[in-house]
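Worksheet: one structure, shown below.
FYI, the numbering just counts along the sequence from 1.
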Amino acid sequence: MLFAPSGPQGPRRRSRMKAIFLTIFIVIALYLIFFSTSESPVKTEAGSYAQKHEHGSTKQPDELARPAVPRRKEMVVASMKSDDTSWLLEYFPDWTKSIYVVDDKRAPLTVTRNKGRESMVYLTFIIDNYDNLPETMLFIHSKRYQWHNDDPYYDGIPPLRNFQIPYLQEQGYVNLRCVWTLGCPTEIRPLTDTHRGDVHAGEYFKNGFMELFPGTPIPEEVGVSCCAQFGVSRAKVLERPRSDYERFRTWLADTALDDDLSGRIMEYSWHMIFGKDPVHCPNAKECYCKVFGLCDLNCTWEGGCDDRYSLPPFSSLPKGWPDIGWKGQAQDSSHGLPET
């Protein structure tokens, strides 16, 4: 026998069921609105960011959103593809390195025009990294043994190994040579010099100075130890706007002066670009102590100490130096180099 629900119970039961289904529907709707990943506003925002940068970068959105982290210390190196720069990687693993290869357009780091010697590399690095410069920068050449390295064996390792970063941060700019041989106390007299060959800027320095430093009085004398290897702090670089460095590079690229002369003018301008007087020739004893930590040297004149440096008879070191001497003879090369 079938029993039909009593009259008042049927409608109440149906109302309860409707309420249950309505509650379930509301809960599901709220979940979809607030918790569904397919409609996440975070994803929409990231997609918009990527669309804005899709033509300017190959990085993924999360990489683009990550702020640039300043490097602590970096070596900026001007090199050619025939140069062996492995010594920098071997002896200075704690330094970040930007090694430019000026004669290889396929190199990871290169320049648009190989002119002005190392200056094009230095300016390119500063311009390209202006918004994220390392705290400490050393601008150097690529070869380990070079006649202008301030070392008895012309070895680049000891000066770089001994370099005093705190002093650089205090000064803003320091030359990597303390000896006065070549460049000090006076190298150029812009108002009276005549051209003396490509090794000197001579009379061309005056016009170059006026174009590089418009409105600045032309100095009577310019002096700084050669040869365009120096340290500079991020704070010092940022004292000039990026546009100044762009103007310097434009001058370097557009000047009718050849590579030697344009590079020479820049070589004797870096110290002024970074705020030093036209004649910047610190006392050698003080320089060796503060820049390289060599404070016990015997200095007989204000421009040189002990046997720290002597001008070599040739501008190119013999192949096999320092094991092979100037006359091709074998010589003792055990001069206290750091072990590998």
Side-chain angles (χ1 to χ4, degrees), residues 55-58 71 74-85 88 96-134 137-143 146 148 173 176 188 190 195 197-214 216 222 224 226-232 234 236-238 240-274 315-316:
H55 299 298
S57 175
T58 58
R71 288 90 72 202
E74 187 152 352
M75 293 178 175
V76 182
V77 186
S79 77
M80 301 183 72
K81 57 185 176 183
S82 60
D83 295 342
D84 181 5
T85 58
L88 293 169
T96 304
K97 299 161 198 72
S98 288
I99 301 175
Y100 287 76
V101 185
V102 298
D103 57 344
D104 185 357
K105 296 302 180 184
R106 296 174 297 179
L109 291 174
T110 188
V111 291
T112 56
R113 186 174 181 185
N114 181 16
K115 188 180 179 185
R117 299 186 178 274
E118 68 283 316
S119 298
M120 187 64 75
V121 166
Y122 296 176
L123 290 169
T124 297
F125 175 85
I126 290 172
I127 292 167
D128 291 350
N129 294 274
Y130 188 84
D131 293 326
N132 187 36
L133 291 166
M137 290 159 275
L138 294 182
F139 292 86
I140 61 175
H141 301 161
S142 58
K143 295 180 180 179
Q146 304 173 94
H148 48 257
Y173 161 92
L176 289 183
I188 302 169
H195 189 47
D198 289 343
V199 71
H200 297 286
E203 62 192 30
Y204 296 101
F205 189 89
K206 176 182 175 181
N207 290 333
F209 181 90
M210 290 190 297
E211 293 170 349
L212 291 171
F213 306 98
T216 302
V222 174
V224 68
C226 83
C227 299
Q229 295 193 108
F230 54 85
V232 66
R234 178 174 64 204
K236 179 57 67 175
V237 173
L238 294 179
R240 288 185 175 273
R242 190 203 307 258
S243 58
D244 276 7
Y245 302 103
E246 292 172 337
R247 177 166 50 80
F248 299 150
R249 187 171 66 175
T250 297
W251 174 84
L252 190 63
D254 293 348
T255 180
L257 299 177
D258 62 18
D259 187 68
D260 286 333
L261 279 173
S262 59
R264 192 72 61 191
I265 290 171
M266 289 299 303
E267 175 185 345
Y268 286 95
S269 297
W270 287 114
H271 64 294
M272 293 183 285
I273 287 173
F274 296 123
S315 60
S316 296

Quiz prompt | Spacing of Cys227 atom SG and Glu118 atom CD [to the nearest 0.5 Å] | solution = 9.0 Å

Practice problem: Give a yes or no on whether the backbone of Glu246 and the side-chain of Thr250 come within a donor-acceptor separation of less than 3.5 Å. | Solution: yes

Practice problem: Spell out, as yes or no, whether a donor-acceptor pair under 3.5 Å connects the side chain of Asn129 to the backbone of Asn132. | Solution: no

Self-check item: Exam field: side chain Arg249 to backbone Leu123, donor-acceptor pair closer than 3.5 Å
Solution: no

Practice problem: Side-chain contact test, heavy atoms from C-beta onward, threshold under 4.5 Å: evaluate it for Ile126 versus Phe248 and give yes or no. | Solution: no

Quiz item: Judged by atom type as modelled, is there a donor-acceptor pair below 3.5 Å linking the side chain of Arg240 to the main-chain atoms of Tyr245?
Solution: no

Quiz item: If only atom types and distance count, is the side chain of Tyr122 paired as donor or acceptor with the main-chain N or O of Ala228 below 3.5 Å?
Solution: yes

Quiz item: Minimum heavy-atom separation for Cys226 to Tyr268, with atom names?
Solution: CB-OH, 3.9 Å

Exercise. Specify whether Phe274 and Phe230 have parallel, tilted or perpendicular ring planes, treating 30° as the upper limit for parallel and 60° as the lower limit for perpendicular.
Key: tilted

Quiz item: Are any of the side-chain heavy atoms of Arg234 and Val237 separated by less than 4.5 Å?
Solution: no

Self-check item: Qualifying side-chain hydrogen bond (donor to acceptor under 3.5 Å, both in side chains) pairs with a residue from residues 97-110, counting only residues at least two apart or across chains
Solution: Glu74-Ser98

Quiz item: Are side-chain heavy atoms of Asp83 and Val77 found at a separation under 4.5 Å?
Solution: no

Quiz prompt | Met272 and Leu212, any side-chain heavy atoms less than 4.5 Å apart | solution = no

Quiz item: For the residue pair Glu267 and Arg264, what are the closest heavy atoms and their distance?
Solution: OE1-NH1, 3.0 Å

